[in-house]
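See structure below.
Only a predicted model underlies this, so the values are computations on that prediction, with no experimental measurement involved.
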Amino acid sequence: MTLILTNDDGIDAPGIKSLLKSVNGNNVIIVAPQDHQSGCGHQVTTTRPIQVLRRSDKEYAIAGTPADCVRIATTYICKNVKFVLSGINAGGNLGVDAYISGTVAAVREAAILGIPGIAISQYHKGQLSYDWDLAARLTTGIIADLLTSPLEPGTFWNVNLPHLLPGEPEPEVVFCQPCNKPLPVNYRIQGDDFYYVGEYSKRDRTLGSDVDVCFSGNIAVTQLRVCAESQSPKNCVS
């Protein structure tokens with residue numbers, strides 16, 4: 001099975017290196033943004049050239065967005081790709097984050113093209129350090145399960161790992177619904193400049209939703225769908 005690995009933190013980010021560890025044994029091609037693209041959503045590049053830097057037969061740095069990476073990877077670099085994995089993102093991509101996240105947009109683009117995918121993100125508490133080795137270990141089990149789980153056409157998986165402190169119990173895997181509560185929208189104003197200061201950890205959360213599950217120390221797994229406005233909005237990312 002050929003897997004495409006991508007992200008929105010950039011090809012040299014520690015998260016994609018942890019993702020590579022978690023899929024050891026699979027045939028993998030890394031096609032990721034050359035630079036940091038966090039928060040770019042489903043932006044695609046159509047008005048300028050996209051430079052593709054071939055680092056090796058298995059690694060390509062793309063001067064574009066995560067969605068660009070998936071488009072180029074699946075139409076020119078590897079036309080027989082079976083799965084797209086995006087991450088491991090430095091920071092959560094929970095609930096309505098799916099509309100903003102480049103990490104999630106990569107697998108949404110794959111779903112649009114008829115290819116299943118998994119987005120994986122690591123929620124981060126405050127100024128604490130990331131444990132990328134733990135993230136890789138948790139992701140190994142999740143990917144092994146989800147690669148063999150059936151997906152309807154036009155759907156994809158969004159996985160969020162909790163930020164565990166030393167001594168905390170092993171997290172459970174919880175399949176849940178995405179939270180639809182808004183993100184904190186707060187700004188510090190200096191003259192004409194607005195600086196975003198919303199506190200992610202203080203966002204509202206619906207009981208049992210992915211935000212609640214992840215913030216409670218467990219692995220939140222949601223199945224999202226690419227859908228038209230005429231369809232039910234439940235679990236839809238349009």
P33 side chain near C69 side chain, heavy-atom distance below 4.5 Å: yes
Point-to-point distance, once rounded to the nearest 0.5 Å, from CG of L207 to OG of S216: 8.5 Å
Minimum heavy-atom distance between T206 and S209, given as atom pair plus value: O-OG, 2.6 Å
N218 side-chain N/O to E172 backbone N/O, donor-acceptor pair under 3.5 Å: yes
Within-4.5 Å side-chain heavy-atom neighbours: V221 and N158: no
Reported CD-to-CH2 distance for the pair Q223 and W157, which is rounded to 0.5 angstrom: 4.0 Å
Intermediate values then yes/no, side chain to side chain contact (heavy atoms under 4.5 Å, CB included), V211 and R203: CA-CA 9 Å; V211 176; R203 64 190 291 178; 3.9 Å; yes
Heavy-atom pair of closest approach, residues P162 and C214: CB-O, 3.6 Å
Check: S86 side chain, T103 main-chain N or O, donor-acceptor pair, under 3.5 Å: yes
Contact summary for G87 and L19, nearest pair of heavy atoms: O-CD2, 3.4 Å
Joint hydrophobic cluster, V28 plus I118, side-chain heavy atoms closer than 4.5 Å: yes
side-chain hydrogen bond (donor to acceptor under 3.5 Å, both in side chains) between T222 and D210, intermediate numbers included: CA-CA 7 Å; T222 57; D210 59 349; 4.5 Å; no
Lys/Arg-Asp/Glu bridge criterion (N-O < 4.0 Å) met for D133, K21: yes
D193 and Y187 side chains, donor-acceptor separation under 3.5 Å: no
Atom pair OG1 (T45) and CZ (R71), whose distance is rounded to the nearest 0.5 Å: 9.0 Å
Over-ring placement of R54 relative to Y60, 6.0 Å and 45° cut-offs: no
Hydrophobic cluster membership, F175 vs V159, 4.5 Å side-chain cutoff: yes
Residue pair R188, Y196: steps toward the side chain to side chain contact (heavy atoms under 4.5 Å, CB included) verdict: CA-CA 6 Å; R188 173 172 52 84; Y196 181 73; over 6 Å; no
Point-to-point distance, once rounded to the nearest 0.5 Å, from CD1 of I88 to CG of L138: 8.5 Å
Any I62 side-chain heavy atom under 4.5 Å of V31 side chain: yes
Same apolar cluster (I L V M F W Y, side chains within < 4.5 Å links), V174/F156: no
Smallest separation among heavy atoms of Q122 and A135, with atom names: OE1-CB, 3.6 Å
Carboxylate-amine/guanidinium proximity below 4.0 Å for K181 and D212: no
Ion pair check, R225 and E152, cut-off under 4.0 Å: yes
Aromatic contact, Y123 with F215 (centres under 6.0 Å): yes
R108 side chain vs A98 backbone, donor-acceptor pair below 3.5 Å: yes
Same apolar cluster (I L V M F W Y, side chains within < 4.5 Å links), V213/V173: no
Flag, side chain of T74 to backbone of V70, donor-acceptor distance under 3.5 Å: yes
Pairwise distance SG(C40) to CD1(I100) - rounded to 0.5 angstrom: 11.5 Å
Verdict with reasoning, D97 to V104, per side chain to side chain contact (heavy atoms under 4.5 Å, CB included): CA-CA 9 Å; D97 301 353; V104 176; over 6 Å; no
Validation row: I30, I16 side chains within 4.5 angstrom (heavy atoms): yes
CA sep, side-chain torsions, deciding dist, call: D131, R137, salt bridge (Lys or Arg N to Asp or Glu O under 4.0 Å): CA-CA 10 Å; D131 187 340; R137 180 175 66 80; over 6 Å; no
Any donor-acceptor N/O pair, S56 side chain to E59 backbone, under 3.5 Å: yes
CG on L3 to CD1 on I143, rounded to 0.5 Å: 8.0 Å
Aromatic ring pairing Y130/H163, orientation class (parallel under 30°, perpendicular over 60°, tilted between): parallel
D9 (side chain) donor-acceptor with A90 (main chain) under 3.5 angstrom: yes
Heavy-atom side-chain contact between T155 and V226 under 4.5 Å: no
Side chain proximity check, L94 to Y200, heavy atoms < 4.5 angstrom: yes
Single-linkage hydrophobic cluster I115~V44, side-chain heavy atoms < 4.5 angstrom: no
Where A67 and H42 come nearest, the two heavy atoms and their spacing: CB-CD2, 3.9 Å
Side chain to side chain, I120 and I142, heavy atoms closer than 4.5 Å: no
Any side-chain heavy-atom pair of Q37 and P66 under 4.5 Å: yes
Short side-chain to backbone donor-acceptor contact, S38 and D8, under 3.5 Å: no
Over all atoms of both residues, closest heavy-atom pair of G95 and P178: CA-CB, 4.2 Å
Any donor-acceptor pair under 3.5 Å from E168 side chain to L165 backbone: yes
Audit row: L5, V23, side chain to side chain contact (heavy atoms under 4.5 Å, CB included) steps and yes/no: CA-CA 10 Å; L5 270 56; V23 294; 4.2 Å; yes
Residue K58 excluded, over 12 heavy atoms near NZ under 6.0 Å: yes
